[in-house]
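Some notes on the structure that comes next.
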Amino acid sequence: MAYVRWTRYLLPTWKEEPAEAEIPSHRLMLRAGLIRRVASGIYEFLPFGYRALRKVERIVREEMDAIGALEMKLPVLQPEELWRRTGRWEDFGPEMFKLTDRKGQGFALGPTHEEIITELAAREIRSWRDMPLTLYQIGEKYRDEIRPRFGVMRAREFLMKDAYSFHGSWDSLEETYRDMYTAYSRTFTRCGLVFVAVEAPTGVMGGDVSHEFMAVADTGEDEIALCSACGYAANRQVAHTEPPDPPPGEERPLELVATPGVRTVEELVEFLGVSPAQIVKTFLYVGRDGALAVLVRGDQELEETKLLQAAGDPTLRRVDDPGEAERISGAPFGFLGPIGLGIPVWADESVRDIPAAVVGGNREGYHYVGARAGRDFRVDRYLDIHRAREGDPCGRCGSPLRIRRGIEVGQIFQLGTKYSEALGATFLDRDGEERPIIMGCYGIGVSRILGAVIEQHHDEAGIIWPLEIAPFQVVIAVLRPDVPEQMELAERLASALDRAGLEVLLDDRDRSPGEKFHDAKLIGIPVLLVVGPRALQRGEVEAERRRDGAKASFPAAEDAVVRGVRELLRAELI
RNA sequence: CGGAGAGUAGCGCAGCCUGGUUAGCGCGCAGCGUUCGGGACGCUGAGGUCGCCGGUUCGAAUCCGGCCUCUCCGACCA
């Protein structure tokens with residue numbers, strides 16, 4: 001008797017909407033008894049939710065194994081000293097959970113595992129013969145998120161699959177990277193997710209090439225730019241778009257005009273009667289090489305991720321202190337400009353061809369009009385640092401881009417040698433020469449997938465599980481468990497379905513039929529079997545498919561029911 | 001961290017402004033009975049340090065101060 005009886009199970013459903021949850025997946029995970037909150041961003045997985053989580057985990061494991069990745073287990077508790085060697089004790093900063101042992105030694109609850117795995121590689125990999133090698137694990141990760149949100153979507157403790165690959169050559173890395181890309185696509189497809197792989201920023205992980213896998217959802221926290229013409233897809237923060245056309249106008253001489261109290265683009269438009277595209281905004285940054293001025297056209301937004309990526313300087317930060325800005329430029333915010341600044345100037349491409357631009361005068365209460373890049377001020381570097389917008393021309397083919405929202409369920413990185421160099425992970429190549437190991441790393445948010453799946457697969461009544469991660473495939477509602485005839489039939493059918501390899505939840509609770517039907521919809525099991533008097537009079541049981549409400553009746557015999565249920569489930573496998 | 005809001009029974013909430021017997025309502029929960037095909041009904045009952053600490057007061061869920069926690073928006077983020 002391997003089927004599960006609801007009366008012997010812990011599956012507490014809620015009729016009412018929880019006040020704490022904002023988005024459908026979070027509400028449904030609470031209402032359908034998958035998770036309970038312990039603290040902000042920290043959740044318990046109840047048996048029903050854990051069952052689904054394990055299904056996702058199993059798919060991830062199968063796809064990793066299929067490309068030859070080796071499963072292992074790394075410690076969650078990691079010594080401070082190791083993190084200091086890569087500089088990430090500071091770089092990760094307050095987002096790491098840090099603790100101290102009784103001797104005063106510092107530890108982190110691992111937010112990720114590059115440090116520890118690279119040290120392992122440094123010890124165990126010595127020769128080019130030992131590679132390529134890919135190791136992975138599935139385990140809890142800890143990040144002290146500024147703002148945990150949306151249940152398991154942005155939690156402080158969450159389940160993640162992380163993999164790390166080690167190579168003697170870039171070609172080998174690229175091969176594994178492609179394998180991972182394929183394995184990820186298979187994984188998310190099997191989970192029933194509609195997703196896109198997009199070019200991604202690399203952030204604190206480092207490296208150059210990276211893709212994020214985004215489950216498409218309006219409630220997602222990330223934005224993605226998509227080109228339906230050429231297939232270009234990128235995280236909005238790095239999405240490349242062609243620079244907008246320059247504003248109309250003629251070149252004219254530079255002129256300093258008094259603009260008392262006029263600071264913002266809107267105010268300048270009003271005061272000078274110009275268009276936003278004729279205005280150049282100036283931002284100040286400081287990094288390890290000192291101060292830097294950054295120019296963006298007035299009708300564009302600065303995309304800081306692009307700037308950071310181009311600068312390759314993790315210490316680069318925006319100057320937001322008025323005193324500091326004034327020391328650098330001589331003027332307060334609102335009057336900063338590139339003319340006469342003694343620091344490097346970087347500009348968005350859209351600044352290059354403005355015939356007569358308005359820029360700050362570097363003097364309180366003054367702006368220049370008629371400024372021309374190259375003529376009146378030097379630009380050391382033109383680059384794409386404006387924020388991509390809906391309808392902007394695709395940087396690859398020029399067609400208009402669409403902006404959509406997504407949930408990041410996975411990301412893959414070509415890391416290169418950042419960690420191997422920092423931690424001395426080297427190998428001897430065929431020529432006997434010592435070289436740093438080339439690495440890749442690959443993450444999947446396992447618990448987040450669960451949220452993303454529900455976000456994509458639900459209706460007003462509840463969850464609609466994709467077959468492969470459904471906690472059970474069949475729920476049997478016995479309308480009158482106190483009537484022996486019905487209960488015995490339900491038990492026989494449950495056993496038969498179980499023997500046929502299906503996972504069965506038997507709703508034997510003493511509840512009204514209405515409640516059982518509603519709960520069945522809420523918990524989203526693909527097929528509901530109803531054992532009740534109405535059909536039983538005809539010697540039948542009824543079935544209803546969750547996805548589309550398709551109904552069927554079968555003779556109340558084991559083989560007929562098994563066959564009928566299988567038939568209903570077959571349509572799920574598309 | 002900035003802005004906003006909220007903490008009263010397992011869940012959802014009222015009461016607070018205007019301090020005053022045993023702190024309410026709906027759902028849920030327990031017992032009994034009646035029901036039994038799309039969240040039934042009746043009766044009885046259990047369940048609350050009113051987030052915490054301090055103050056004001058004869059008297060504090062209610063007024064004042066501090067703290068904590070949670071949620072939302074923003075900044076941030078593999």
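When distances are taken from the side chain of A:H518 to each of B:rC11, B:rG37, B:rG38, the shortest belongs to B:rG38. Distance from the side chain of A:E542 is smallest to B:rG37 among B:rC36, B:rG37, B:rA40. Side-chain proximity of A:R147 to the nucleotides B:rC70, B:rG38, B:rC72 is greatest for B:rC72. Distance from the side chain of A:A19 is smallest to B:rC13 among B:rG26, B:rC13, B:rG37. Taking every side-chain heavy atom of A:R534 into account, B:rG37 is the closest of B:rC76, B:rC70, B:rG37. Distance from the side chain of A:K15 is smallest to B:rG39 among B:rG39, B:rC77, B:rG37.
Here B:rC11 presents its P atom at 14 Å from CG of A:L46, a figure rounded to the nearest Å. One can place CZ of A:R511 at 15 Å from C1' of B:rG38, the figure rounded to the nearest angstrom. If you measure from atom CD of A:E223 to atom P of B:rG74, you get 10 Å, rounded to the nearest angstrom. A:D482 has its CG atom 11 Å from the P atom of B:rC36, to the nearest Å. The CG-C1' distance, from A:L30 to B:rG10, rounds to 13 Å in whole Å. A:R318 places its CZ atom 11 Å from the C1' atom of B:rA75, with the value rounded to the nearest Å. In this entry the distance linking CZ of A:R387 with C1' of B:rA75 reads 13 Å, nearest Å. For A:L522 and B:rG39, the CG to C1' distance is 11 Å, given to the nearest whole Å.
The separation of B:rU8 from B:rA46, taken at their P atoms, amounts to 22 Å, rounded to a whole angstrom. Between B:rC64 and B:rU57, the distance separating the two C1' atoms is 12 Å to the nearest Å. Comparing the P positions of B:rU71 and B:rG48 gives an interatomic distance of 26 Å, to the nearest angstrom. B:rA61 and B:rG15 are spaced 8 Å apart, taking the C1' atom of each and rounding to whole Å. Taking atom P on both nucleotides, B:rA23 is separated from B:rG28 by 25 Å, rounded to a whole Å. Remark: the separation of the C1' atoms in B:rC63 and B:rC17 is 10 Å, to the nearest Å. The P atoms of B:rC58 and B:rC16 are separated by 24 Å, rounded to the nearest whole Å. Taking atom P on both nucleotides, B:rG59 is separated from B:rC41 by 46 Å, rounded to a whole Å.
Between the side chains of A:T134 and A:Y164, no donor-acceptor pair of N or O atoms lies under 3.5 Å. Using modelled atom types and a 3.5 Å distance limit, the side chains of A:E114 and A:T118 yield no donor-acceptor pair. Residues A:R186 and A:Y181 bring no donor and acceptor atom of their side chains to less than 3.5 Å of each other.
Residue contacts shown for A:G532 include a base, since a base heavy atom lies under 4.0 Å away. Contacts of A:E17 with the nucleic acid, taken as non-hydrogen atoms under 4.0 Å apart, involve only primed sugar atoms and P, OP1 or OP2. A:R448 comes within 4.0 angstrom of nothing in the nucleic acid, heavy atoms only. As judged by a 4.0 angstrom heavy-atom cut-off over every strand, A:E20 is placed among residues touching the sugar-phosphate backbone only. Residue A:D162 is classed as having no contact, given no heavy-atom separation below 4.0 Å to the nucleic acid. No contact: A:P111 has no heavy atom under 4.0 Å from any strand. Using a 4.0 Å heavy-atom criterion, one finds that A:E304 contacts the sugar-phosphate atoms exclusively. Residue contacts shown for A:K141 are absent, as no nucleic acid heavy atom lies under 4.0 Å away. As judged by a 4.0 angstrom heavy-atom cut-off over every strand, A:R154 is placed among the base-contacting residues. Within 4.0 Å of A:E221, counting heavy atoms only, lies no atom of the nucleic acid at all. Within the 4.0 angstrom heavy-atom criterion, no nucleotide atom of any strand lies near A:E145. Residue A:A535 is classed as a base contact, given a heavy-atom separation below 4.0 Å to a base.
No N or O donor and acceptor, one from the side chain of A:E515 and one from the base of B:rG38, sit under 3.5 Å apart.
Salt-bridge check for A:R27 with A:E17: passed, with a basic side-chain N closer than 4.0 Å to an acidic carboxylate O. With respect to A:R389 and A:E303, no salt bridge is recorded, no charged nitrogen being found less than 4.0 Å from a carboxylate O.
For the pair A:K516 and A:W6, the NZ or CZ position fails the cation-pi test of under 6.0 Å to the six-membered ring centre and within 45 degrees of the ring normal.
Across all strands shown, B:rU69 pairs with B:rA6; the Watson-Crick or G-U wobble distances both stay below 3.5 Å. Across all strands shown, the partner of B:rC63 is B:rG55, judged by Watson-Crick or G-U wobble contacts whose two distances both fall under 3.5 Å. Pair assignment for B:rU34 gives B:rA40, based on Watson-Crick or G-U wobble hydrogen-bonding distances that are each under 3.5 Å. Nucleotide B:rG48 forms a pair with no other nucleotide shown, judged by Watson-Crick or G-U wobble geometry with both contacts under 3.5 Å. The partner of B:rA75, taking Watson-Crick or G-U wobble pairs whose two distances both stay under 3.5 Å, does not exist in any strand shown. Nucleotide B:rC11 has B:rG26 as its partner under the Watson-Crick or G-U criteria, with both atom distances under 3.5 Å. Using N1 to N3 plus N6-O4 or O6-N4 for Watson-Crick, or N1-O2 and O6-N3 for G-U wobble, each under 3.5 Å, B:rU21 pairs with nothing.
Side-chain N/O atoms of A:R149 include one lying less than 4.0 angstrom from OP1 or OP2 on B:rG74. One finds no side-chain N or O of A:S512 lying less than 4.0 angstrom from the OP1 or OP2 phosphate oxygen of B:rG37.
Taking the six-membered ring for Trp and thresholds of 30 and 60 degrees, A:W465 and A:F48 have ring planes more than 60 degrees apart, a perpendicular arrangement. Ring-plane geometry between A:F213 and A:F188 is classed as tilted, the angle between the planes lying from 30 to 60 degrees on a 0 to 90 degree scale.
The nearest pair of heavy atoms linking A:L522 to A:W14 is CD2-O, 3.9 Å.
With RNA chain B read from its 5' end, the first of the two nearest nucleotides for A:P18 and A:S210 is the one closest to A:P18. Residue-to-nucleotide proximity on RNA chain B shows that, of A:E16 and A:D519, the 5′-proximal contact is made by A:E16.
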